[in-house]
Every structure is written in C-alpha cells, then in structure tokens.
Amino acid sequence: MIIRKRLTAGVCVLLATLAAGLGTALPAAADEPPSALTPKVELVLDVSGSMRTRDIDGQSRMSAAKQAFNDVLDAVPEEVQLGIRTLGADYPGDDRKVGCKDTKQLYPVGPLDRTEAKTAVATLAPTGWTPIGPALLGAADDLDGGDATRRIVLITDGEDTCGPLDPCEVARDIAARGIHLVIDTLGLVPNAKIRQQLTCIAEATGGTYTAVQHADELSGRVKQLVDRAAEPTITPVATEGAGSCSSAPELKAGLYTDRQEIGKHRWYRVDVRPGQELRASVSVSADRAVDNDYGVLLRAVTTHGREIVRGSESGTGRTDAVSAGLRYPKPELDDVEGEEPPAETVCLDLGNSFSAPASAKTTPGMPVELTIDLVDGPDDASDVAAFGLGRGWWLLGALVLTGLIAGLLTGWISRWRIAVWRTN
C-alpha cells in the first residue's frame, strides 16, 4: 500500500512538472514571430551580353555586379529571406521567343546559405537578351505569400529588349495586385531612355531608381535596400504644397511626398511649440533629363516673412536626387498664469534651381520627399542649434576681436616710432 501511494505521488509530481514545463513553453513559442512576417527580398540581375562591357572602375559590369553581390551576401540581416533571379543568362542565340523567356531563379527565396549563394553567383557569365518584364513577373511569383515586407531589387545596364511586354506596365500590374511589393531599380548606364524606363518601374510600386557608375556605389545601395526590407515600413503621406504660406497645408511629424515643377516654390506649415526643435529635410529627384548645376533650398520663415534658418545643397548632374535640411529650436517660455504658451507657425519654403532642355516634360513635377520631425529642444544653451548658427561664428568673433586689438597695437607702435624719430 505504501509503495502504491508513493508511486501515485511520484506520477502526480511528474505530471505536474510536465504541465508546468508546457505552460512555460507555450508562451515562449507564442512570442516567436510567425514565418509569414519574415521580410523577403529577391535580387534580379541582368546577365545579358552587354554586361561584358568594361566601363565600371576598369572592370566589366558583370565583374562589378558579382563583387557587389558578394559584399551584399556577407551583410544580409539574419531575419531577411533572400533569393536571386537572373535574366539573359542562358540563351545566346537570336530567336526572340526563346531569348525573351530566358529568366530563372538562381537561388530560392529563403534562409540564406552564403556559401551556396556565392557559388551560384560565381557561375554567371554575360549571355543573351534583356527580358525585364518576364523577370519581374517571375520575381513576383517567387515572393508570393505572407504579409511581411517584400522587395525586388533590379540591377540592369539596359532597356527591356522583349517588347511588346512593357516592364512598366508589368510593374503597374504587380502594384494593382495589392500585395505590397516594392520594386527598386539600379541602372548601370546613365542613359535617358534607361533612366525613364527604370524610373517608371520603380514609381509604379513606390520604389526608387538609382544610377550607379562605381562598384562601391552599387554594393552600398543594394545593402541599403536589403537592410530597408528588414526595417519597419513607413508609408509616406501624399500632400500638396501651396504657392504661399497662408494657403499651405499644415504638416505634423511624418514622411510626406509631393511634386514640384522646375523653378517653382512649394510652401508648407508646421506648428512648433516652445521647447521643441523642428527638424526638416527634403529630397528632390531628377526623374527626367535636366541640365547640370542645380540646387535645392529649404527655408524656415515666420508668417511675417522673416527668414529664421535655411539649408541648401547643390548638384552637378552626377546624382539623381539632391537633399537639404534644417533645424530650428524654439526656446522654452515661462507659463503665463498657468496657461500653455501658444505654438509658433513656421512656414517651410522649398525652392529649386533646376533647368531642363525644351524637350523635357514640365508636368508632373519632380518627386519630392519631405520629412518632418518635432523633438525636445536642446537643454544646453551651448548646443549648436540653439542659436541657429554654426560654431564658426564664435571663431569669426574671435578673429574680429584679435584683428581690432592687433590694429590698435600696430597704430600705437607706429605713432610711438614716429614721435621718437621726430624727437631725435
């Protein structure tokens, strides 16, 4: 009897232990993110015959792309599922029907085996056609499933050679599916037609177009796009700037998109409370052929027209986007009879100095991306932004004072020497 009781007690203790173990294990499993939320990226590489051209840092476009892929594969975040698709890699002939089907998945989308992926990339050799449209359709199918971030990064040196299937229309069809798939494009040749097609593909899905002419630029940009897939996505809000501050839209902290015509100004308004610092930045993309030497100016202005601070940047035709930013801290004010001090309305004036040949389209305007942030102002009055001026003004003041003292001493010494000379 005693043995049975002990046995029964032992079984109860064992069952209780297992139940406790399962009870603690289940919440841990529930905390793990489901696989459906794992971000997916597919790199689509052009391996057509033109990739043999040697014009990127003294090496062929294909060699530069392989080097960039190896750099990217080494840096892919663990949480990203990555795949590789090629176009124009297998068929070297002249049959358009066959050449325009020449796209395949080189490495499947999933957890990355860096050695396997690098080995697959090393086997590539420039071969055939440029079926961009079919490759995008294939990549969209490769990334199908799940609700997480999905991104295609297309690297090519030319236009699609497989019309009438327009890759821009393909991108619009992909966007119309509502699967939240973004296509980013990178062009290896600064050609107007290539730029136009790749820009259209990117804009159709909310992606970006970038022209790259150096291997390190290619590596850096692809890494940036892969990393972006792993970060939480911020959906920009479409807005429409006005021709004056009085009619400008009021913006809160966030990311906004707009369009700006060449040589025109766009106005926006932001309310800044005492103790806050306004940080604003803007990027204007040259999505069409423009003349060299251009600039972007972002000004913070009071409602009465007095300029508070400005930020500006210029370009020389070697970049596709030019950005400028500014910071404006509003100092704390003492409460008046317990009432909260009112906010100050700051007008943001965006101007540009782009110019373009007569053949360039003027509408719609160039893409604008505007970031507004309102943070706590600096506590230390010595902070650079607390004065709206750089520390260079302190140096300038010291130089002025030193010059004044040196001038007085020089004059006094000169007068003393002349007096001594006359006396003698």
Report yes or no: does [X] contribute a side-chain atom to a donor-acceptor pair with the main-chain N or O of [Y] at less than 3.5 Å?
| X | Y | answer |
| --- | --- | --- |
| Gln276 | Val272 | no |
| Thr363 | Gly365 | no |
| Arg96 | Thr161 | yes |
| Asp90 | Asp102 | no |

Just checking, is any N or O donor in the side chain of [X] or [Y] under 3.5 Å from an acceptor N or O on the other one?
| X | Y | value |
| --- | --- | --- |
| Asp160 | Thr130 | no |
| Glu344 | Tyr328 | yes |
| Thr208 | Arg221 | yes |
| Ser50 | Thr53 | no |
| Asp258 | Tyr268 | yes |

Checking Arg150 now: which residues fulfil salt bridge (Lys or Arg N to Asp or Glu O under 4.0 Å) with it, not counting sequence neighbours?
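Result, salt bridge (Lys or Arg N to Asp or Glu O under 4.0 Å) vs Arg150: none returned.
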Please name all residues satisfying salt bridge (Lys or Arg N to Asp or Glu O under 4.0 Å) with Lys66, sequence neighbours left out, ordered by chain then number.
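Per chain and number, Lys66 pairs via salt bridge (Lys or Arg N to Asp or Glu O under 4.0 Å) with no residue.
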Should the pair [X]-[Y] be classified as a salt bridge under the 4.0 Å nitrogen-to-oxygen rule?
| X | Y | value |
| --- | --- | --- |
| Asp349 | Arg299 | yes |
| Glu277 | Arg279 | yes |
| Lys330 | Glu332 | no |
| Lys40 | Asp142 | no |
| Arg195 | Glu203 | no |
| Lys223 | Asp71 | no |

Taking atom [atom1] of [X] and atom [atom2] of [Y], what is their separation to the nearest 0.5 Å?
| X | Y | atom1 | atom2 | value |
| --- | --- | --- | --- | --- |
| Leu82 | Ile84 | CG | CD1 | 6.0 Å |
| Asp46 | Glu159 | CG | CD | 12.0 Å |
| Ser281 | Glu313 | OG | CD | 12.5 Å |
| Leu350 | Lys264 | CG | NZ | 14.0 Å |
| Glu42 | Ile152 | CD | CD1 | 7.0 Å |
| Thr257 | Arg259 | OG1 | CZ | 9.0 Å |

[X] vs [Y] side-chain heavy atoms within contact, under 4.5 Å:
| X | Y | value |
| --- | --- | --- |
| Leu73 | Leu112 | yes |
| Ile174 | Ile183 | yes |
| Leu143 | Val109 | yes |
| Gln67 | Gln59 | yes |
| Tyr107 | Glu116 | yes |
| Ser48 | Trp129 | no |
| Leu106 | Leu124 | yes |
| Thr205 | Leu181 | no |

Over all heavy atoms of both residues, which pair between [X] and [Y] is shortest? Give the atoms and the distance, please.
| X | Y | value |
| --- | --- | --- |
| Ala135 | Leu87 | CB-CD2, 3.6 Å |
| Leu298 | Gly325 | CD2-CA, 4.4 Å |
| Ala65 | Leu45 | CB-CD1, 3.8 Å |
| Ala89 | Thr127 | O-OG1, 3.0 Å |
| Ser312 | Leu297 | CB-CD1, 4.0 Å |
| Ile56 | Ala215 | CG2-N, 3.7 Å |

Check against side chain to side chain contact (heavy atoms under 4.5 Å, CB included), Val284 and Tyr294
CA-CA 11 Å; Val284 181; Tyr294 46 74; over 6 Å; no
Which atom pairs, one a donor and one an acceptor, fall under 3.5 Å between side chains of residues 399-419 and the rest of the protein, sequence neighbours left out?
from	atom 1	to	atom 2	distance (Å)
Thr402	OG1	Ala398	O	2.8
Thr410	OG1	Ala406	O	2.8
Ser414	OG	Thr410	O	2.9

From Leu278, Leu251, Val301, residue fulfilling side-chain contact (heavy atoms from CB on, under 4.5 Å) relative to Leu348
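Result for side-chain contact (heavy atoms from CB on, under 4.5 Å) with Leu348: Leu278.
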In this structure, are over 12 heavy atoms from other groups packed under 6.0 Å from Gln196 atom CD?
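It does not: Gln196 CD has 12 such atoms or fewer within range.
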